[in-house]
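Written out below as structure tokens is the structure these notes cover.
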Amino acid sequence: MSDVKRTNKRAEKAKETRRRILAAALELFIQDGYGATNLQDIADKAGVAVQTIYFVFGNKRALLKELVDVTIAGDDEPLATMERPWYTGALASPTAQDLLLAYVGGTTSVMERVAPITKVLEAAIASDPEVAALWPHDVDPRYVVHHGAAKALAGKPGARAEVSVEEAADLLYGLLSPELYLLLVKERGWPRERWERWVGETLRSQLCVTEA
């Protein structure tokens with residue numbers, strides 16, 4: 001076996017180990033809570049030595065941080081949300097209406113993945129100030145993403161000219177929030193299709209001109 005093949009095999013094995021650890025952490029954090037879950041529990045679930053988790057992630061806080069990042073992204077590729085195909089594709093839509101349709105769909109897929117871990121993260125931040133410090137407080141990354149979409153929307157045919165980029169960003173930030181998604185989909189039992197239809201129609205009524 002060549003050195004290149006050996007290196008590739010080791011890299012793939014390391015990736016698979018990381019994925020198993022993250023999957024085990026997600027299951028146990030949701031089932032038992034962040035505070036009640038220790039790294040040995042996660043190691044046992046993932047079928048690895050606890051020292052492997054320390055080597056790969058460093059500590060439980062760093063493991064939680066990566067778990068949240070990977071859950072938002074949907075994979076472990078090093079691409080920020082604003083560089084992801086669903087996002088750039090939505091922003092490249094020809095009209096404001098088309099942009100919102102694609103953007104609501106993509107954002108809903110993110111929230112579907114993130115919803116199960118939202119309460120875990122809230123509890124971890126409330127109980128451990130060092131967890132809260134892992135996320136910046138000066139700029140909300142979620143708002144930055146929505147502001148980018150609002151800026152693109154403003155230049156599309158069909159966008160309401162009287163709505164500023166900042167107002168559009170606020171509406172996207174508020175209506176496409178995990179809190180509202182959890183309230184209507186998880187607590188009130190709305191199917192995804194109903195959620196997407198309602199939030200899409202609401203945003204179009206606020207951000208797009210009325211079609212004749």
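In what follows, residues are counted from 1 in the order of the sequence shown.
Using a 4.5 Å heavy-atom cutoff, the side chains of W86 and T81 are in contact. In this structure the side chain of V145 never reaches within 4.5 angstrom of the side chain of Y173, judged on heavy atoms. Considering only heavy atoms from C-beta on, V131 comes within 4.5 Å of R61 through its side chain. The closest side-chain heavy-atom distance from H147 to V165 is below 4.5 Å.
Nearest heavy atom pair, residue A90 against residue L99, reads O-CG, 3.4 Å. A pairwise comparison of heavy atoms in A150 and A168 identifies CB-CB, 3.8 Å as the closest pair. Between D140 and R142 the shortest heavy-atom distance is OD1-N, 2.9 Å. In plain terms, the two heavy atoms of L22 and L63 that are nearest each other are CD2-CD1, 3.7 Å. Heavy-atom minimum distance, T37 versus I42: CG2-CG1, 3.7 Å.
Using a cut-off of 4.0 Å between Lys/Arg side-chain N and Asp/Glu carboxylate O, D41 and K45 are scored as not salt-bridged. Look at K9 and E16 and you find no salt bridge, because none of the NZ, NE, NH1 or NH2 atoms lies under 4.0 Å from a carboxylate O.
Residue K65 places its NZ atom among more than 12 non-hydrogen atoms of other residues, nucleotides or ligands, all under 6.0 Å distant.
No donor-acceptor pair under 3.5 Å is formed between the side chain of R204 and the backbone N or O of Q97. The closest donor-acceptor contact from the side chain of S205 to the backbone of T202 lies under 3.5 Å. Looking only at distances, a side-chain donor or acceptor of K60 sits under 3.5 Å from a matching main-chain atom of Y34. The closest donor-acceptor contact from the side chain of Y87 to the backbone of A149 lies under 3.5 Å. No donor-acceptor pair closer than 3.5 Å links the side chain of K151 to the backbone N or O of A169.
Connection of F55 to I53 is established within a shared hydrophobic cluster, with ILVMFWY side chains joined at heavy-atom distances below 4.5 Å, either directly or through further cluster members. In the hydrophobic clustering of ILVMFWY residues, with side-chain heavy atoms under 4.5 Å counting as a link, L100 and V163 come out together. Cluster annotation: L171 is connected to Y181 through the hydrophobic network of ILVMFWY side chains, with a link wherever side-chain heavy atoms come within less than 4.5 Å. Both L180 and V110 are assigned to one and the same hydrophobic cluster, defined by single-linkage of ILVMFWY side chains at heavy-atom distances under 4.5 Å. By the criterion of side-chain heavy atoms lying less than 4.5 angstrom apart, applied directly or through intervening Ile, Leu, Val, Met, Phe, Trp or Tyr residues, I125 is grouped together with L64 in one hydrophobic cluster.
Stacking of R18 on the aromatic ring of F57 is recorded, both the 6.0 Å distance cut-off and the 45° axial limit being met.
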After noting the C-alpha distance and the side-chain angles of M82 and V144, does the key distance pass the side-chain contact (heavy atoms from CB on, under 4.5 Å) rule?
CA-CA 9 Å; M82 296 175 77; V144 173; 3.9 Å; yes
If you apply the rule side-chain contact (heavy atoms from CB on, under 4.5 Å), what do you find for E196 with S109, and how did you get there?
CA-CA 10 Å; E196 282 196 56; S109 293; over 6 Å; no
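Note that the OH atom of Y103 and the CG atom of L176 stand 6.5 Å from one another [nearest 0.5 Å].
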